[in-house]
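What follows is one structure encoded as structure tokens, with my remarks underneath.
Because the structure is predicted, anything quoted here is derived from the model rather than measured.
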Amino acid sequence: RTTIVAPVDIARFPQYVDALDLAQRINTRLAAELRTDQDIREIEAAQLGFIAAVNSTDHLAMSEANKQFHMAIARAGRNAYFAAFYEKLLDEGRRILHLHFDYIEKTNDGRLLTDEHEEMINAIRAGDVARADRLAHDHSRQFRDRFLDFLRVQIASEESAQCGSN
């Protein structure tokens with residue numbers, strides 16, 4: 001069987017990021033409010049999986065580990081409806097996330113991603129709902145900004161290639 005990869009719908013990207021931001025914020029807020037010690041252990045274990053994936057530079061593994069990290073947070077929030085919506089968005093954005101990881105790998109240190117997750121874990125562990133919300137929002141915005149930077153670089157590269165072939 002062959003795998004069919006859905007194209008990235010750039011026109012809908014702003015709407016996608018808005019929905020992802022709200023889902024990420026509500027799930028992270030709820031996790032900070034309702035988490036148990038067991039939830040924290042599960043979130044930390046998922047983070048270790050993400051760190052291992054980042055170190056491997058396997059973008060598919062990174063994407064899956066990122067999803068597992070965020071879904072551990074969603075489960076700690078104890079709202080199946082918000083978690084299901086969040087999971088749908090995470091699944092829908094995997095193609096974008098793969099491109100995002102590739103761009104970060106080429107331009108930055110992957111530890112930026114792991115550091116953002118660590119800060120979120122700390123806020124959740126502390127039960128700091130406002131900080132968890134702010135960090136989740138920042139995480140969404142950083143994802144958006146990095147992906148837009150990726151697009152700018154791609155467009156500039158294509159324009160440069162076209163100019164060179166003329």
Side-chain angles (χ1 to χ4, degrees), residues 5-6 8-9 12-56 58-105 108-150:
V5 177
V8 175
D9 186 350
R12 291 182 54 198
F13 182 71
Q15 293 174 352
Y16 171 78
V17 171
D18 286 345
L20 180 68
D21 181 48
L22 288 174
Q24 188 155 272
R25 290 173 70 187
I26 191 62
N27 281 292
T28 307
R29 287 179 66 89
L30 288 170
E33 183 179 343
L34 302 172
R35 87 277 178 257
T36 65
D37 290 342
Q38 179 61 33
D39 293 327
I40 295 297
R41 286 190 291 275
E42 290 174 13
I43 294 167
E44 289 171 337
Q47 172 67 347
L48 290 176
F50 182 68
I51 291 169
V54 168
N55 289 336
S56 77
D58 177 344
H59 298 151
L60 294 176
M62 290 168 68
S63 178
E64 179 59 29
N66 183 69
K67 177 185 173 185
Q68 293 309 315
F69 171 78
H70 287 286
M71 289 310 299
I73 290 173
R75 286 188 298 276
R78 304 213 167 8
N79 186 306
Y81 293 100
F82 288 139
F85 176 61
Y86 193 30
E87 185 170 27
K88 179 182 182 296
L89 290 169
L90 291 170
D91 286 341
E92 188 174 318
R94 290 190 78 169
R95 173 82 172 124
I96 296 168
L97 194 60
H98 180 80
L99 297 171
H100 173 249
F101 287 148
D102 185 55
Y103 177 72
I104 287 176
E105 184 178 289
N108 292 308
D109 186 343
R111 283 188 291 271
L112 289 173
L113 297 168
T114 59
D115 290 350
E116 291 170 12
H117 284 184
E118 289 294 337
E119 289 182 39
M120 292 169 73
I121 293 169
N122 291 335
I124 292 166
R125 183 186 297 112
D128 189 338
V129 174
R131 183 166 175 249
D133 178 72
R134 187 184 78 251
L135 290 168
H137 179 64
D138 290 348
H139 195 55
S140 299
R141 293 302 177 226
Q142 289 163 347
F143 164 70
R144 177 201 64 199
D145 293 347
R146 288 180 192 132
F147 186 71
L148 292 175
D149 287 345
F150 163 79

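- Applying the salt bridge (charged side-chain N to carboxylate O under 4.0 Å, His left out) test to Asp138 and every residue at least two apart in sequence or in another chain returns nothing.
- Salt-bridge formation is detected for the pair Arg146/Glu116: a Lys NZ or Arg NE/NH1/NH2 atom is positioned less than 4.0 Å from an Asp or Glu carboxylate oxygen.
- Every residue meeting the salt bridge (charged side-chain N to carboxylate O under 4.0 Å, His left out) condition with Glu92, not counting sequence neighbours, appears here in chain and number order: Lys88.
- By the side-chain contact (heavy atoms from CB on, under 4.5 Å) test, Arg94 is found to be paired with Ser63, Glu64, Lys67, Asp91, residues two or more places apart in sequence or in another chain being considered.
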Show your reasoning for whether side chain to side chain contact (heavy atoms under 4.5 Å, CB included) applies to Asn66 and Phe101. CA-CA 11 Å; Asn66 183 69; Phe101 287 148; 4.1 Å; yes

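- Contact between Asn27 and Ala83 at its shortest, heavy atoms only, is OD1-N, 3.7 Å.
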Could you walk me through whether Phe143 and Leu20 satisfy the side chain to side chain contact (heavy atoms under 4.5 Å, CB included) test, starting with their C-alpha distance in whole Å, then the side-chain angles of each, then the deciding distance to 0.1 Å, before giving a yes or no? CA-CA 10 Å; Phe143 164 70; Leu20 180 68; 4.0 Å; yes

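- Residue pairs meeting the ring pair (Phe, Tyr, Trp, His ring centres under 6.0 Å) criterion with at least one partner in residues 112-134, sequence neighbours excluded, are Phe50-His117, Phe69-His117, His70-His117, His117-His139.
- The only option from Glu42, Glu118, Gln68 that meets the side chain to side chain donor-acceptor pair (under 3.5 Å) definition with Gln47 turns out to be Glu118.
- Here Glu44 pairs with Arg125 under the side chain to side chain donor-acceptor pair (under 3.5 Å) rule; sequence neighbours left out.
- Pairs of residues two or more places apart, or lying in two chains, that qualify as salt bridge (Lys or Arg N to Asp or Glu O under 4.0 Å) and include a residue from residues 30-41 are Asp39-Arg78.
- Take Asp18 and apply the side-chain contact (heavy atoms from CB on, under 4.5 Å) test, not counting sequence neighbours, and it matches Arg141.
- For Leu60, the side-chain contact (heavy atoms from CB on, under 4.5 Å) partners are Asp58, His98, not counting sequence neighbours.
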Could you check Ile40 against Ile124 for side chain to side chain contact (heavy atoms under 4.5 Å, CB included), going step by step and ending with a plain yes or no? CA-CA 8 Å; Ile40 295 297; Ile124 292 166; 3.7 Å; yes

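- Here the closest non-hydrogen pair linking Ala23 and Tyr86 is CB-CD1, 3.7 Å.
- Ile96 contributes atom CD1, which lies 10.5 Å from atom CZ of Phe150 (distance to the nearest 0.5 angstrom).
- Rounding to the nearest 0.5 Å gives a distance of 9.5 Å between CE of Met62 and OG1 of Thr114.
- Minimum interatomic distance between Ile43 and Ala76 (heavy atoms only, all atoms of both residues): CD1-CB, 4.1 Å.
- Heavy-atom minimum distance, Ala123 versus Leu135: CB-CD1, 3.9 Å.
- Every salt bridge (charged side-chain N to carboxylate O under 4.0 Å, His left out) that Arg25 has, sequence neighbours left out, goes to Asp21, Asp133.
- Atom CG of Leu97 is separated from atom CG of Leu90 by 8.5 Å, given to the nearest 0.5 angstrom.
- When the ring-ring contact (aromatic ring centres under 6.0 Å, His included) test is applied to Phe82, no partner is found at least two apart in sequence or on another chain.
- Asp145 pairs by the side chain to side chain donor-acceptor pair (under 3.5 Å) definition with nothing, not counting sequence neighbours.
- A search for ring-ring contact (aromatic ring centres under 6.0 Å, His included) contacts involving Tyr16 returns nothing, not counting sequence neighbours.
- Side-chain contact between Leu148 and Phe13 is present, with heavy atoms from C-beta onward closer than 4.5 Å.
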